[in-house]
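When a residue number appears, it is its place in the shown sequence, counting from 1. What's counted below: heavy atoms across the whole structure, side chains too, no hydrogens, waters or symmetry copies. Just follow the structure's listing: the first ligand is 1, and inside any ligand the first atom is 1.
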Amino acid sequence: MVSGTGTNMEVLLNAMADPDFGANPVMVLSNRPGIPALEKAANRGIRVVCIDHRHYLDNRLDFDAAIDAALRQARVSVVCLAGFMRILGFQFVSAWEGRILNIHPSLLPEFPGLDTHRRVIETGKTFSGCTVHAVTPELDAGPILGQAAVPVLPGDTPTCLAARVNRAEHRLYPAVLRRFLNKRRETPTRLTTP
Ligand code: GAR
């Protein structure tokens, strides 16, 4: 799921081209029409869906329900948020918990939320980074699955720090997703007795 440029989406799609990766991209879903990520995915022949959040401004539950329906219809088993910039509600996240990952451009638990790079620089940090975590109802607070650190250099602007973090994200996200998928395969299915 994407909201913008889609560079993380691209590296995940590239990684999935390896038959040993353990996943296939079934759909790229956006909350905004006309974004580069959608065009990139469509150019690769991947099904794209846009659920425009502006049509649901007074009803977030319906927005979440539309996303949920689209994911189920496409028989999605794992969701990767890759620069998806809308907050998903409790009901949606609870339904997908354990099957939904997010990448965040800071070393969580530090700097959750927006405007990360400016806050990192203003706080005088000498390093920053990115985190892939399991999504839980509390924003940017789910179990951490992997992190990569980068230095904050003297004179860094939020833009150049963002670019450095973004490059680290491109190494981290495919590696963490691969491990996540392997673990899922290793976990035996629990059969419930009726
Ligand atoms: C990435 O830096 C990602 O960590 C961030 O958006 C960027 C998307 O870049 N995500 C968040 O801030 C989520 N709260 P991309 O579209 O080039 O992958």
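- Protein residues with a heavy atom under 4.0 Å from ligand 1 are T5, G6, T7, N8, G83, M85, I103, H104, P105, N166, E169.
- Under the 4.5 Å side-chain criterion, counting only non-hydrogen atoms from C-beta, R60 is in contact with I87.
- Atoms CG and CD1, from L12 and I103 in turn, are 8.0 Å apart once rounded to the nearest 0.5 Å.
- Although no hydrogens or angles enter the test, the distance criterion places a donor-acceptor pair under 3.5 Å between the side chain of K40 and the main chain of T5.
- Residues meeting the side-chain contact (heavy atoms from CB on, under 4.5 Å) test with T136, sequence neighbours left out: E97, P143.
- A donor-acceptor contact shorter than 3.5 Å is absent between the side chain of S128 and the backbone of S106.
- When each of R118, K125, R164 is checked for a salt bridge (Lys or Arg N to Asp or Glu O under 4.0 Å) with D156, only R164 meets the rule.
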